[in-house]
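Here is the naming used below: chain letters follow the sequence lines, and residue numbers restart at 1 for every chain.
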There are 2 protein chains.
Amino acid sequence: MTPTTTAPRRQSPARRRVLDTASALFYAEGIHTVGIDRIIAEAGVAKATFYHHFPSKDDLVCAYLREQIDQLRQQVVPQGATPEEKIAFVFEGVGEITCRPGFRGCAFINAAAEYPDPGHPVRRVVADFRGWFKGLLEELLAAAGHPDPRRTAVMLMTLRDGLTVAGALDDPAEARPAVHAAVTRLIGSGD
Amino acid sequence: MTPTTTAPRRQSPARRRVLDTASALFYAEGIHTVGIDRIIAEAGVAKATFYHHFPSKDDLVCAYLREQIDQLRQQVVPQGATPEEKIAFVFEGVGEITCRPGFRGCAFINAAAEYPDPGHPVRRVVADFRGWFKGLLEELLAAAGHPDPRRTAVMLMTLRDGLTVAGALDDPAEARPAVHAAVTRLIGSGD
DNA sequence: CCCAAGGTAGACAGACCTGTCTGGTAAAGT
DNA sequence: ACTTTACCAGACAGGTCTGTCTACCTTGGG
């Protein structure tokens, strides 16, 4: 059989345009409030083309969230750094994002608020993100020789969630230094 | 003029039924997904009656959230307790709620996820809640003689937000003890 | 006895939603 | 030259949404 490169698979520009438009609109205005008609109009794509690439709106929502995960995964942490520095780097990134102009909170937390059923495909993508992120923190803590990586990872995850919420609903510049101090203290002291 | 008691103003049973039904549905399933028709059907109320008490759906949503604030406000903290104990009591309550069966996160965070415009009346109620809660924490910290009440209140708020998110999306029993430990350490040590 | 207030029941308008379908165009591979 | 694939344009169906309106009932106070 022909190799049929599975990995790159040059995606169509129409699909790319739809996904970009939908991502921006979903994040900025919410998922249920943004209709298909609006997405295809702003993406400049025919309705049939849209439904050719995404069988349903839920598929589009899942693709939007999965791409968010991929983008976060590709944010490389500095190579020759200690685990503690890598954790600090990750939180530096979170803190920086929360202060950016269009910030409206964590895309996954917001999506989960609109999909109450935990078994829904969208919620499963949300769970994937949280599992991945928490696992990453736990690995880094273990590599740093932390005595209780699991428990501390949960703590760091809580700080991240709180920081994103505060960045969306309160003054972002106020929560950032407080969380920064808490993180450095958490990964510094053993207990 | 007649006294016309402004404070209690015995509210009609129909309005009460609508508000109870809407509160349960909005919290459990989200706001945009629950329609007026469903609310009045489950509340056993005519449509004209509904629109007599609530001029629009947004008014109902605001009333739902404002009542949530009122209920939280009335949760009295123990009288003869130190400020530190009062803070611990408040967080004990939050931790307990996150472990309850129907828990689906913070009603205000979820509502804000569905209303992107910060100037919207719903968002203003959300801001009222956050201002009140953070102010309460700051007062208690100041009463406890904490050196930096404002900054620590922000920190505690972040922990609360993270705890509610984790309670809704992860295993509630895992985040609770971690946050509990962090809170006791925060209000214990001065810095 | 009358009448106003608050309630019920349900039709209706106008907009918007997702998803399907028809029909036509353009480019690329075989 | 033929066929497949991707794309555009837009009508259409069937449902749901908010909000208005008409019409009738019931109950209690003056």
Taking the side chain as every heavy atom from C-beta outward, state whether L141(A) and M155(A) have any pair of such atoms under 4.5 Å apart.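 Sidechains of M155(A) and L141(A): no contact.
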With a 4.5 Å cut-off on side-chain heavy atoms, are H53(A) and V18(A) touching?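 Not touching, per the 4.5 Å side-chain cut-off.
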Separation of [X] atom [atom1] from [N] atom [atom2], in whole Å?
| X | N | atom1 | atom2 | result |
| --- | --- | --- | --- | --- |
| K57(A) | dT20(C) | NZ | C1' | 18 Å |
| R16(B) | dG6(C) | CZ | C1' | 18 Å |
| I40(B) | dT16(D) | CD1 | C1' | 13 Å |
| I39(B) | dC17(D) | CD1 | P | 10 Å |
| H32(B) | dC17(C) | NE2 | C1' | 14 Å |
| I36(A) | dC17(C) | CD1 | P | 9 Å |
| I31(B) | dT16(D) | CD1 | P | 21 Å |
| Y51(B) | dG6(C) | OH | C1' | 19 Å |

Distance-only side-chain donor-acceptor flag, D59(B) / S56(B), under 3.5 Å: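 Yes, side-chain donor-acceptor contact under 3.5 Å.
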Using a cut-off of 4.0 Å on non-hydrogen atoms, how would the nucleic acid contact of R38(A) be classed: base, sugar-phosphate, or nothing?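 The answer is nothing, as R38(A) stays clear of every strand by at least 4.0 Å.
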According to a strict under-4.0 Å criterion, is [X] in side-chain N/O contact with OP1 or OP2 of [N]?
| X | N | answer |
| --- | --- | --- |
| H53(B) | dG7(C) | yes |
| R17(A) | dC8(D) | yes |
| T49(A) | dC8(D) | yes |
| H52(A) | dC7(D) | no |

Start at the 5' end of DNA chain C and walk down; is the nucleotide closest to T33(A) or to P55(A) reached first?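 The answer here is T33(A).
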Which residue, D37(A) or A48(A), contacts DNA chain C at a nucleotide closer to its 5' end, judged by nearest heavy atom?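 Taking each residue's closest nucleotide, the earlier one in sequence belongs to D37(A).
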Report yes if a donor N or O on one partner sits less than 3.5 Å from an acceptor N or O on the other, where the partners are the side chain of K47(A) and the base of dG10(D); otherwise report no.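 Under the 3.5 Å cut-off, the side chain and the base do not form any donor-acceptor pair.
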Looking only at the side chain of A46(B) (C-beta and beyond, no hydrogens), which of the listed nucleotides dA9(C), dC8(D), dC7(D) gets closest?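 Output: dA9(C).
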Closest listed nucleotide, where the reference is the side chain of S12(B) and the choices are dT8(C), dG7(C), dT20(C):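 Closest of the options to the side chain of S12(B): dG7(C).
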Would you confirm whether K57(B), through its side chain, and I31(B), through its main-chain N or O, come within 3.5 Å as a donor-acceptor pair?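 Yes, K57(B) side chain to I31(B) backbone: donor-acceptor pair under 3.5 Å.
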Would the number of heavy atoms belonging to other residues, nucleotides or ligands and lying under 6.0 Å from NE2 of H180(A) be above 12?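 No.
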